[in-house]
Amino acid sequence: MTDPHGPRTTPAPEDDLPEQMRVRREKRERLLGSGRAAYPAAVPRTHTLAEVRATYDPQGLEPDTRTGDVVSVVGRVIHTRNTGKLCFVRLREGDGTELQAMLSLADLGEEALDEYKHLVDIGDYISVTGEVITSRRGELSVQATAWEMAAKALRPLPTEHKPLSPEARVRQRYLDMIVNPESRRMVRTKAAVLKSLRRTLDERGYVEVETPILQLTNGGAAARPFRTHLNAFDQPMLLRIALELDLKKAMIGGVDKVYEIGRTFRNEGLDSTHAAEFSMLEAYEAFGDLETMKELVRALVVDAARAVGRTVVTGRNGEEIDLEQPWRSASLLDLVSEAVGTPVSMETPLDELVKLADAREVELQPQWNAGEVLLELYEQLVEDTLVQPTFVEDYPEAVRPLAKPHRSKAGLVEAFDLIINGVELAPAYTELNDPVIQRDRLVEQSLLAAKGDPEAMELDEAFLRAMEHGMPPAGGMGLGVDRLVMLLTGAGIRETILFPLLRPE
RNA sequence: GGGCCUCUAGCUCAAUGGCAGAGCAGCGGACUUUUAAUCCGCGGGUUGUGGGUUCGACCCCCACGGGGCCCA
């Protein structure tokens, strides 16, 4: 920008501001100039809006009632109406509770009313003091005798009658939370789910622990990690992809029932079901097994559903899912047999499985063994058809390297995966605790890693050393907290995460 | 990774290749009972960015960037 009238090359920032921001900055100046504060340390507040509503709503006050009770309340200005000598303002507080305030010439005086009209905008936080009354139309209100600015908003609030664009909803979640009840509710629903998960575990005697997020080696899952660096040791570090190995160490140390709820990180694609960081619950119970975990997973899910009041949800195919009904258990081999129309087992030769896959256009990697092909058939043909809660069990040993061999079925391990609404919600194992077999499995994995498989696990000597001191037989499970919230709310993952990662603007 | 759609005022959206508009919000005024109040008047734009075609581009073409949906 050039100024033909003088040498000034940097225009005052105000010159570039949109009109509404300029006006609000001027109002802020006027507040300060008039001796009022724009951002005071404290403002009068004797009651929350919710407390006022809780006190008077149940009384069913008649229109034009005067209660004689004087309160000071604070809220964000959501609507204003000015009929001249009387102004109405609707205040809203964090959870969405609203209360009307009325500012009249008679009760407030000319100067304070004028200042209100000229200095308060939609979006500001204000404090109003006055008697609790009802208006002629019966609206519960505070009849103001005084008002104060609690925090001046310098940017206008978006229209709340039209939904924000999908981008604005996630980039400026705080705005969506102000104008959109769904967005407010999601925050509290997720909190209720987390609280319920902890309560369910705590009541059963599980001990909550915290384990490192920064790790030397990755394990416990197959995923690409985030890489970082620890300056103090000049040491490359990874962000954890799972909680498993440290929780098993805790169990070796005698925490027989242990759990952690925390963030794990996977440096992979982002879409409507995958986020780069997500909350995971893992729980382990010494002397438990797959059946213990089935019971625990069911309790966790059903308790959480009850906690948010949604025990019946609508499935992706329109089917109703009543989470309180009994849940089905099904063997992976049976499910695949049904899907391909011919019985398959661990004895079915690899080339026959490959033919079955080709016939159904299931794409395979050439180096896959029979177990991996079976898993792929299941994932491609069966998984997303399982709408009602189903424990899919009896996995081939090759695809679950940390599960214990099945007590009675050769070639299979004791593992299940809970599927609800076509989505993998909670895997569980009877945990492998033979350190020799464990080492063999991890060495196999580390050889894959050395050959360049970025998802393969690394050899974690510290973990193997701990295992060699003896881990009790145990059941273990993991549960995707965000996925549980998605199931209970029907929302996408970007809705369940408060501030999802986005590309920089 | 591929395909389709989208980006215009603070917000949500219009606008045959020919003056860039509406609702809400904002500013000034009227109104002491509003419920997205009403009425009168007024401002507000680098049409995502960069190129190109054209007498003329929000519109057509190319590239890039952001976002969404579907597919793998």
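In what follows, chains carry the letters A, B, and so on, assigned in the order in which the sequence lines appear, proteins first and then strands, with residues in each chain numbered from 1.
Under the side chain to side chain contact (heavy atoms under 4.5 Å, CB included) rule, A:F88 has a single partner from A:H79, A:Q100, A:E139, which is A:Q100. The only member of A:V336, A:L364, A:L353 that meets side chain to side chain contact (heavy atoms under 4.5 Å, CB included) when paired with A:E376 is A:L364. Applying side chain to side chain contact (heavy atoms under 4.5 Å, CB included) to A:P389 and the options A:I321, A:I419, A:D322, A:V301 leaves one that passes, A:I321.
Side-chain contact, A:T314 with A:E320: no donor N or O sits under 3.5 Å from an acceptor N or O. For the residue pair A:S337 and A:D334, no side-chain donor N or O sits within less than 3.5 Å of a side-chain acceptor on the partner. In this model, no donor atom of one side chain and acceptor atom of the other lie less than 3.5 Å apart for A:E182 and A:N180.
Contact annotation: A:R155 does not reach the phosphate of B:G10 (side-chain N/O to OP1 or OP2, under 4.0 Å). OP1 or OP2 of B:G67 lies within a sub-4.0 Å distance of a side-chain N or O belonging to A:R503. Within the 4.0 Å cut-off from OP1 or OP2 of B:U35, not a single side-chain nitrogen or oxygen of A:R90 is found. Residue A:K27 places none of its side-chain N or O atoms closer than 4.0 Å to OP1 or OP2 of B:G26. Contact check, A:H118 against B:G26: no side-chain N or O comes under 4.0 Å of OP1 or OP2. Between A:R169 and B:G67 there is no side-chain polar atom (N or O) within less than 4.0 angstrom of OP1 or OP2.
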Would you tabulate the pairs of protein nitrogen or oxygen atoms and nucleotide nitrogen or oxygen atoms of nucleotides 6-8 of chain B closer than 3.5 angstrom?
none

Check the interface with nucleotides 20-24 of chain B: list each N/O to N/O pair with the protein under 3.5 Å, or write none.
{"residue": "B:C24", "atom": "O2", "partner": "A:T159", "partner atom": "OG1", "Å": "3.2"}

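Nearest-nucleotide mapping onto RNA chain B: of A:M21 and A:R24, the residue sitting toward the 5' end is A:M21. Residues A:L105 and A:E167 both approach RNA chain B. Their nearest nucleotides, taken by heavy-atom distance, put A:L105 toward the 5′ side.
Of all nucleotides listed (B:C69, B:C11, B:C31), B:C31 comes nearest to the side chain of A:N82. Out of B:U32, B:U33, B:G26, the shortest distance to the side chain of A:M102 is found at B:U33. Here B:U33 is the nucleotide among B:U33, B:C31, B:A72 with the atom lying nearest to any side-chain atom of A:R136. Among B:A25, B:A72, B:U32, the nucleotide with an atom closest to any side-chain atom of A:E363 is B:A72. Among B:C11, B:U32, B:A25, the nucleotide with an atom closest to any side-chain atom of A:L86 is B:U32. Nearest to the side chain of A:P166, among B:G68, B:A36, B:U12, sits B:G68. Nearest nucleotide to the side chain of A:D121, out of B:G26, B:U12, B:G10: B:G26. Distances were taken from every side-chain heavy atom of A:S165 (C-beta onward) to each of B:U12, B:C27, B:U32; the shortest belongs to B:U12.
Counting non-hydrogen atoms under 4.0 angstrom, A:L175 reaches nothing in the nucleic acid. Residue A:P63 is out of contact with every strand shown, counting any heavy-atom pair closer than 4.0 Å.
Scanning for ring-ring contact (aromatic ring centres under 6.0 Å, His included) contacts around A:Y429 gives an empty result, with sequence neighbours left out. Residues that satisfy the side-chain contact (heavy atoms from CB on, under 4.5 Å) test with A:P343, not counting sequence neighbours, are absent from this structure.
The existence of a salt bridge linking A:K152 and A:E29 is excluded, since no basic side-chain nitrogen approaches an acidic carboxylate oxygen closer than 4.0 Å. Between A:R92 and A:E98 a salt bridge is recorded (basic side-chain N to carboxylate O distance below 4.0 Å). Salt bridge present: A:K27 and A:D121 bring a charged side-chain N and a carboxylate O closer than 4.0 Å. Classification of A:R36 and A:E148 as a salt-bridged pair fails, no side-chain N sitting under 4.0 Å from a carboxylate O. Look at A:E93 and A:R76 and you find no salt bridge, because none of the NZ, NE, NH1 or NH2 atoms lies under 4.0 Å from a carboxylate O.
A cation-pi arrangement is found for A:R400 relative to A:Y395, the charged atom lying closer than 6.0 Å to the ring centre and inside a 45° cone about the ring normal.
A:F391 and A:F416 have perpendicular rings, their planes meeting at more than 60° on a 0 to 90° scale where under 30° would count as parallel.
Comparing B:G66 with B:C27, their P atoms are spaced 36 Å from each other, to the whole Å. Comparing B:U8 with B:A14, their P atoms are spaced 10 Å from each other, to the whole Å.
Against RNA chain B, the stretch residues 379-386 of chain A makes no heavy-atom approach under 4.0 Å.
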- Task: Could you provide the dot-bracket string of RNA chain B, using ( ) for intrastrand pairs, [ ] for crossing pairs and | for bases paired to another strand, with Watson-Crick or G-U pairs below 3.5 Å?
- Result: (((((((..((((....[..)))).(((((.......))))).....(((((..]....)))))))))))).
